[in-house]
Amino acid sequence: MTTLNLGNLATFRLVIQRGSFSAAADILGLSQPAVSLQVRQLEQFLRTRLVERTGRGIKATGAGLALLEHGNRIEQVVEEAIRSVSEFSHEISGTITLGTGATACIHLLPPLLRQLREEHPLLRVGVTTGNTLDVVRAVEENRLDIGLVTLPASGRALEVMPLLDEEFVLIISQAQDEEIAQFSPQILHALPLIAFESGSGTRDLIDDWFNTCDLEVCPVMQLGSIEAIKRMVRAGLGYSIVPRMAVENVADREGLSVRSLNPVLHRQLGIVMRQDKILSKGISEVIRLLREKVNG
């Protein structure tokens with residue numbers, strides 16, 4: 001290797017961020033030996049040790065810390081170079097990676113992605129789903145360009161752009177609709193709740209809604225899929241509380257009754273990205289269309 005390999009440099013940075021070769025390998029979709037080889041090649045090129053093992057995992061040596069500092073600047077310069085070259089083309093191209101929750105992926109993104117494909121065929125947008133914490137972490141580690149997540153969200157050197165205030169609504173099978181006279185925490189607490197799995201931002205919001213009345217949520221089912229929840233509710237096995245976008249279209253609420261809660265429950269969706277992220281034409285277009293869709 002006669003020049004610094006940027007891929008090896010990125011792998012080294014990820015190993016240090018995650019504290020182990022195996023964790024970095026899982027994220028990159030590589031074997032652990034392959035990740036170790038990339039770091040070893042980087043050490044051979046620089047003729048110095050960059051990592052050392054401790055009782056708590058992997059950490060950077062003094063030389064490794066110096067390289068990390070330069071690595072951040074190298075990444076910025078490379079992105080600036082790509083952006084400068086792209087300015088000579090009127091076409092929006094390249095690859096953008098976006099992370100979001102499953103509900104937004106299913107109900108918000110498809111028409112936006114279709115529009116992007118029609119208007120900018122040279123632009124590729126990769127979508128990853130996960131909870132807010134996972135998406136924010138991936139944005140921080142530069143594995144994702146932007147995230148569309150439930151706010152609040154915080155992290156190291158993140159830029160947060162509020163995008164949409166969305167109502168949460170109660171859903172129940174149409175056959176059982178008349179059985180509930182009010183939609184307050186006190187009334188609903190005694191009924192079978194089919195809830196999102198614990199640990200999600202959506203579940204935290206629902207728990208807090210009950211907690212304001214000193215009530216603890218005890219679901220009869222906990223599921224990670226909004227579509228699975230809707231099927232269970234449609235079958236008459238209980239009620240649920242979901243984002244309105246999940247039942248906005250007629251087909252999405254077939255067999256279900258949709259009611260506003262009392263008090264009303266909202267969540268805020270927002271865009272997160274690194275403050276040092278170069279705002280390419282592709283990223284700017286994705287953000288513009290997201291804003292246009294939720295406001296229009």
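Because the structure is predicted, anything quoted here is derived from the model rather than measured. Hydrogens, waters and symmetry mates play no part in the numbers below; they use all other heavy atoms, side chains included.
- A continuous path of hydrophobic side-chain contacts links L256 to M221 [ILVMFWY only; heavy atoms under 4.5 Å].
- No more than 12 heavy atoms of other residues, nucleotides or ligands shown are found within 6.0 angstrom of CD on E254.
- To the nearest 0.5 Å, atom CG of residue L122 and atom CZ of residue R117 are 12.5 Å apart.
- Contact annotation: the side chain of L42 never approaches that of N5 to less than 4.5 Å [non-hydrogen atoms, C-beta and beyond].
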Stepwise side-chain contact (heavy atoms from CB on, under 4.5 Å) test for L164 and Q268
CA-CA 6 Å; L164 167 69; Q268 187 175 49; over 6 Å; no
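- R18 places no side-chain N or O within donor-acceptor distance of the main-chain N or O of S20, the cut-off being under 3.5 Å.
- Side chains of H107 and E248: no donor on one and acceptor on the other come within 3.5 Å.
- Residue V264 belongs to no hydrophobic cluster, having no ILVMFWY side-chain heavy atom closer than 4.5 Å to its own.
- Counting only distance, with no hydrogens or angles, the side chain of E167 and the backbone of H266 share no donor-acceptor pair below 3.5 Å.
- How far SG of C105 is from CG of L98: 9.0 Å, rounded to the nearest 0.5 Å.
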Residues 25-39, side-chain donor-acceptor partners within the protein, below 3.5 Å, at least two apart:
{"unit_1": "S31", "atom_1": "OG", "unit_2": "A34", "atom_2": "N", "d": "3.2"}
{"unit_1": "S36", "atom_1": "OG", "unit_2": "Q32", "atom_2": "O", "d": "3.1"}
{"unit_1": "Q38", "atom_1": "OE1", "unit_2": "T11", "atom_2": "OG1", "d": "2.5"}

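- Between S240 and V233 the shortest side-chain heavy-atom distance falls below 4.5 Å.
- Nearest heavy-atom pair, A60 versus G64, reported as atom, atom and distance to 0.1 Å: CB-C, 3.9 Å.
- A salt bridge links E52 with K59: the distance from a Lys NZ or Arg NE/NH1/NH2 to an Asp or Glu carboxylate oxygen falls below 4.0 Å.
- For A175, the side-chain contact (heavy atoms from CB on, under 4.5 Å) partners two or more places apart in sequence, or in a different chain, are S173.
- One finds the CG atom of L188 at 7.5 Å from the CZ atom of F183 (value rounded to the nearest 0.5 Å).
- Screening residues 209-237 for salt bridge (charged side-chain N to carboxylate O under 4.0 Å, His left out) gives E227-K230 as the qualifying pairs, with residues at least two apart or on separate chains.
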Would you check, one step at a time, whether the test side-chain contact (heavy atoms from CB on, under 4.5 Å) holds for R124 with I96?
CA-CA 6 Å; R124 293 184 298 171; I96 305 299; over 6 Å; no
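- Between the OG atom of S260 and the CZ atom of R244 there is a distance of 5.0 Å, given to the nearest 0.5 Å.
- In terms of modelled atom types and a separation under 3.5 Å, the side chain of E159 and the main chain of M273 share no donor-acceptor contact.
- Counting heavy atoms from C-beta on, the side chains of E292 and Q115 come closer than 4.5 Å.
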Assess whether side-chain contact (heavy atoms from CB on, under 4.5 Å) is satisfied between L123 and S93, documenting all intermediate values.
CA-CA 4 Å; L123 179 66; S93 60; 5.7 Å; no
Which donor-acceptor pairs under 3.5 Å do the side chains of residues 144-152 make with protein atoms, sequence neighbours left out?
{"unit_1": "D145", "atom_1": "OD1", "unit_2": "K277", "atom_2": "NZ", "d": "3.0"}
{"unit_1": "D145", "atom_1": "OD2", "unit_2": "T97", "atom_2": "N", "d": "2.9"}
{"unit_1": "D145", "atom_1": "OD2", "unit_2": "T97", "atom_2": "OG1", "d": "3.2"}
{"unit_1": "T150", "atom_1": "OG1", "unit_2": "R267", "atom_2": "NH1", "d": "3.4"}

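- Between R73 and E69 there is a salt bridge, with a side-chain nitrogen of the basic residue lying less than 4.0 Å from a carboxylate oxygen of the acidic one.
- Hydrophobic clustering (side-chain heavy atoms under 4.5 Å, transitive across Ile, Leu, Val, Met, Phe, Trp, Tyr) keeps I287 apart from V135.
- In this structure, the side chains of I241 and L265 come closer than 4.5 Å at one or more pairs of heavy atoms.
- Classification of R288 and E285 as a salt-bridged pair holds, one side-chain N sitting under 4.0 Å from a carboxylate O.
- S198 and Q222 share a side-chain donor-acceptor pair at under 3.5 Å.
- The backbone N or O of E140 lies less than 3.5 Å from a partner atom in the side chain of R274, making a donor-acceptor pair.
- Using a 4.5 Å heavy-atom threshold, the side chains of L14 and F21 count as separate.
- The shortest distance between side-chain heavy atoms of D252 and V250 does not fall below 4.5 Å.
- Following chains of ILVMFWY side-chain contacts shorter than 4.5 Å, one can reach I226 starting from V169, so the two form part of one hydrophobic cluster.
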Go through it in stages, so that I can follow the logic: the residues are L191 and I172, the test is side-chain contact (heavy atoms from CB on, under 4.5 Å), and I'd like the CA-CA distance, side-chain angles, deciding distance and then a yes or no.
CA-CA 11 Å; L191 303 176; I172 192 166; 5.9 Å; no
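- Minimum heavy-atom separation, A102 to T129: CA-CG2, 4.3 Å.
- L113 and L269 fall within a single hydrophobic cluster, where Ile, Leu, Val, Met, Phe, Trp and Tyr are joined by side-chain heavy atoms under 4.5 Å apart, directly or via other members.
- L158 is not connected to I283 by any chain of hydrophobic side-chain contacts under 4.5 Å among Ile, Leu, Val, Met, Phe, Trp and Tyr, and they are in different clusters.
- In this structure, the separation between CD1 on I206 and CG on N211 is 11.5 Å, given to the nearest 0.5 Å.
- Side-chain contact check for T61 versus L65: every heavy-atom pair is 4.5 Å or farther apart.
- In this structure, the side chain to side chain donor-acceptor pair (under 3.5 Å) partners of D207, at least two apart in sequence or on a different chain, are R203.
- Atoms CZ and OG1, from F196 and T202 in turn, are 5.0 Å apart once rounded to the nearest 0.5 Å.
- The minimum heavy-atom distance between V272 and A153, with the atom names listed, is CG1-CB, 4.2 Å.
- Within the 4.5 Å cutoff, no side-chain heavy atoms of V217 are placed close to those of W209.
- Y239 places no side-chain N or O within donor-acceptor distance of the main-chain N or O of L170, the cut-off being under 3.5 Å.
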